[in-house]
Every structure is written in C-alpha cells, then in structure tokens.
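Just so it is clear: chains get the letters A, B, ... in the order the sequence lines come, proteins before strands, and each one is counted from 1. All values derive from a computational prediction rather than experimental measurement.
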Amino acid sequence: MRDEPLHSPDPQALLDWYDRHARALPWRIGPAARARGELPDPYRIWLSEIMLQQTTVAAVKDYFLAFTTRWPTVQDLAGAKDADVMAAWAGLGYYARARNLLKCARAVTLDHNGQFPRDHATLLTLPGVGPYTAAAIASIAFDAPETVVDGNVERVMARLFDEHTPLPAAKPILTEHAARLTPQDRPGCYAQGVMDLGATICTPKRPACGLCPWRSACTAWVRGTAADLPKKSPKKRKPTRLGIAYLARRVDGAWLLETRPDKGLLGGMLGWPGSDWTEDQPAEAPPIRAEWKTIDAEARHTFTHFHLRLTVKTALVPMERNPDRGEFIELPEFSPGDLPTVMRKAFDLAQGG
DNA sequence: CAAACGTGGGG
DNA sequence: TCCCCAAGTTT
C-alpha cells in the first residue's frame, strides 16, 4: 500500500476531458464562444447556482428557463413582486433560497450598481451566497482561480486521495486537496469539469472508473476503495408528524389560503390554513365556521427531517361568511401550481385525485 | 457543530 | 417501503 497516488492528478487532463464531454446546459455558453474566451452572463450563473443547491440538474432546467424568460436581467428580478417569485419557485423546494434570491437581486441592483461583484469576499456578503456559490460565481462567471467544493468535488477528492475520514469532518482536508489542484489557467472550466466528472463518471454508486481521465492518479482506484468513498456519518431516522389541512371553497369558487410566515418550513409560501404538525394527534384548528368533511385518505409527504401524514378536510362556505385566518383567492389569481408540493398534494386529494 | 430546510428519482 | 442522493446556506 502506498500513501500517495502514483502521480499527482493533472488539471490539464481534466480540462481536456471537459472540452470533449462538457454537457450543454441552459446557463452555459457553447464551445465556440468558450474557445473565443467569452464568459457566461453572471446573472444566469448566479441564478443557476442558487437553483442547483442540493437540487438536480433535471429538476432545475425548466425553472431556470421560466425565470430567465420572465426576468431576463437581475434588474427585472429585483423589480418583481415577492408573491410572483415565490409562486414561480413553488415545487423546487428549500424556499429560503427564493426569499434570499430576491434580497440578493435587490442588493446587486441597489448596492452594487447592478453588477455582480467579481471577488469571493464581496460575493460572500450577498444573501443566499455561501462559500461554494461565491467560488462558483467567481470562477465560472469571471474566471477567477477560486476553488469550488460541492458534493461532487468532495467525492472526487476523497477518492483521488483515498481519504477515509467521514464527512463532514473530512471537509477541510478535501478542500485543501481541491485548492492545491485548482489551476490558474481556465479555472472556470476546471471547476465545471470537476463537478461534471463527479456527476457523470465519479458517481456515488458504481463509478465508471474505466472512463475517468484521472484514473491512473487515483489512489482509491489503485486500492479498489472508490465505491466505498466518501465515508459519511450515520444519519438519524425521520420521525412521523401528523397534521390537518383545511380546504375551504367559497360558493363563487374562491379558495381560502394564507401566506406562511417568512421564518421556518415553507416560509413565504402560499398554503392551506391548518393545525400545527406534531408527533401526537393535533388539535382541530378550522379557519372558518363551516361543515367540515374529512377526506378518506391522507396526503403523505416527506420533508428533510420528518415524515408528514396530513388529514385533509373540506367545506363549502357561503359568500358573506368571513374567515378567522387567511383570505379567499379567486381563480385564476390562484393556481395550484403556486403551491409547495405538500400543499398541492392536499389540493389533489380534495379534487378527488 | 448540529439542526433546519424540499423535492423527486433511483436502487 | 425506505434509504440515499443532488452544483449548500443559515442559525
């Protein structure tokens, strides 16, 4: 057994691989433009990077196209109504990202002369921009030699250097390896290349080591440990919580909805008035006096840290009756697509779906 | 440092 | 059914 790879991974080999295998994505410029030394629009890179946080490329694509069509520049987005942006983000998850997206667009427009900052430290001051995203924008949009460390890079580095310390404790070690490899030449393409390598070749399960440009420099490949890395700390099991959602339809077709508070789960999103979500049977909390009927099925949904079993109750209420909570919204001002997924599941259940 | 924070797809 | 995973940030 050796402690070091046979030779150090060559950044140029990774760049060559990227030039041959780069995926065409809506926020990327084409190979011809890249060859001319052009760089992508920082607004589009920022938007894509926020959307891609803990989210797959497949899930992001349509949202990215919808956002950039409706709000082509950061100034357009800064001028949008909060409710419109939250509705457009509905279904993508991690809704703090959408709230910070607007804060950030407005900060760039008002505090930075409408231009994204180019340096890592200033980028880090923007809402929703952490160490990874600041490095991604600086390197991809401005070709600065910053080191991106996302889940892909962690996995690639853990394997290249056969690092068995479990995450997240291993993060500083893996970051150090990644920083040492980052080249001064074409750091933006290099950053995207490492992440593409992790996404398509150096995958979590069954990595395609036979296709990897860094195979001969990979200690885990030499030792046969690649598929077992990176190690991760054991996860906790998710508890189950119970809740009740109240779907009131007025006789004119309007639905009773409320905008959730900015803090906490589904913050800032539209939703059905309901009970607290608790491990014990929740107390009734009808938002309006009505003859509530319980639907004979639950809406089941899993969040990051708990499972939810949601009982759905429906009622038809007359025009003149006022709710204790929420407000009636008529179609088409309200569309089910504006709801976060768990709320849309409740709606689908009430519709008999 | 641990916990909160969504959702959909794959094995 | 259930667990893992995905271009992380904030508190």
| query | Distance between the C1' atoms of B:dC1 and C:dT10, in whole angstroms? | reply | 13 Å
Protein-proximity profile, nucleotides 3-11 of chain B, B/S/- by nucleotide at the 4.0 Å heavy-atom cutoff, equals SSBBBS---
Using a 4.0 Å heavy-atom cut-off across all strands, classify A:Pro168 as base, sugar-phosphate, or nothing. nothing
Practice prompt. Take atom P in C:dA7 and the same atom in B:dG11, then report the distance between them in whole Å.
Written response: 16 Å
Q.
Taking A:Leu331 as the starting point, is it possible to reach A:Leu247 by hopping between hydrophobic residues whose side chains are less than 4.5 Å apart?
A. yes
Would you mind classifying the nucleic acid contact of A:Arg28 as base, sugar-phosphate or nothing, using non-hydrogen atoms under 4.0 angstrom?
-> base
Comparing nearest nucleotides in DNA chain C, the 5'-proximal residue of the pair A:Val129, A:Trp27 is A:Trp27
Next on the checklist: Between A:Arg186 and A:Asp19, does any NZ, NE, NH1 or NH2 come within less than 4.0 Å of an OD or OE carboxylate oxygen?
Outcome noted: yes
*Pick the P atom in B:dC5 and in C:dC2, then give their distance to the nearest Å.*
22 Å
Could you measure between the two P atoms, the one in B:dG6 and the one in C:dT1, and give it in whole Å? 24 Å
Contact span of DNA chain C against chain A, any nucleotide atom under 4.0 Å from a heavy atom, 5' to 3', runs C:dC3 to C:dT10
Apart from A:Phe328 itself, members of its ILVMFWY cluster (side-chain separation under 4.5 Å) are A:Ile244, A:Tyr246, A:Leu256, A:Ile288, A:Trp292, A:Val317
* Asked: A:Tyr63 and A:Trp89: aromatic ring centres closer than 6.0 Å?
  -> no
Do A:Phe347 and A:Ile329 belong to the same hydrophobic cluster, where Ile, Leu, Val, Met, Phe, Trp and Tyr are linked whenever their side-chain heavy atoms lie under 4.5 Å apart, directly or via other members?
yes
Check this for me, if you would: do A:Lys231 and A:Glu163 make a salt bridge, where the nitrogen-to-carboxylate-oxygen distance has to be below 4.0 angstrom? no
Say whether A:Ile173 and A:Leu229 are linked into one hydrophobic cluster, either directly or through other cluster members, by side-chain heavy-atom distances under 4.5 angstrom.
no
*Looking across every strand, which nucleic acid part, if any, lies under 4.0 Å from A:Leu25 by heavy atom: base, sugar-phosphate, or nothing?*
base
Centres of the A:His301 and A:Phe303 rings: under 6.0 Å? yes
Problem - Ring centres under 6.0 angstrom apart (A:Trp272, A:Trp255) - result: yes
Margin query: What contact category does A:Arg300 fall into here, base, sugar-phosphate, or nothing, at under 4.0 angstrom with non-hydrogen atoms?
Written below: nothing
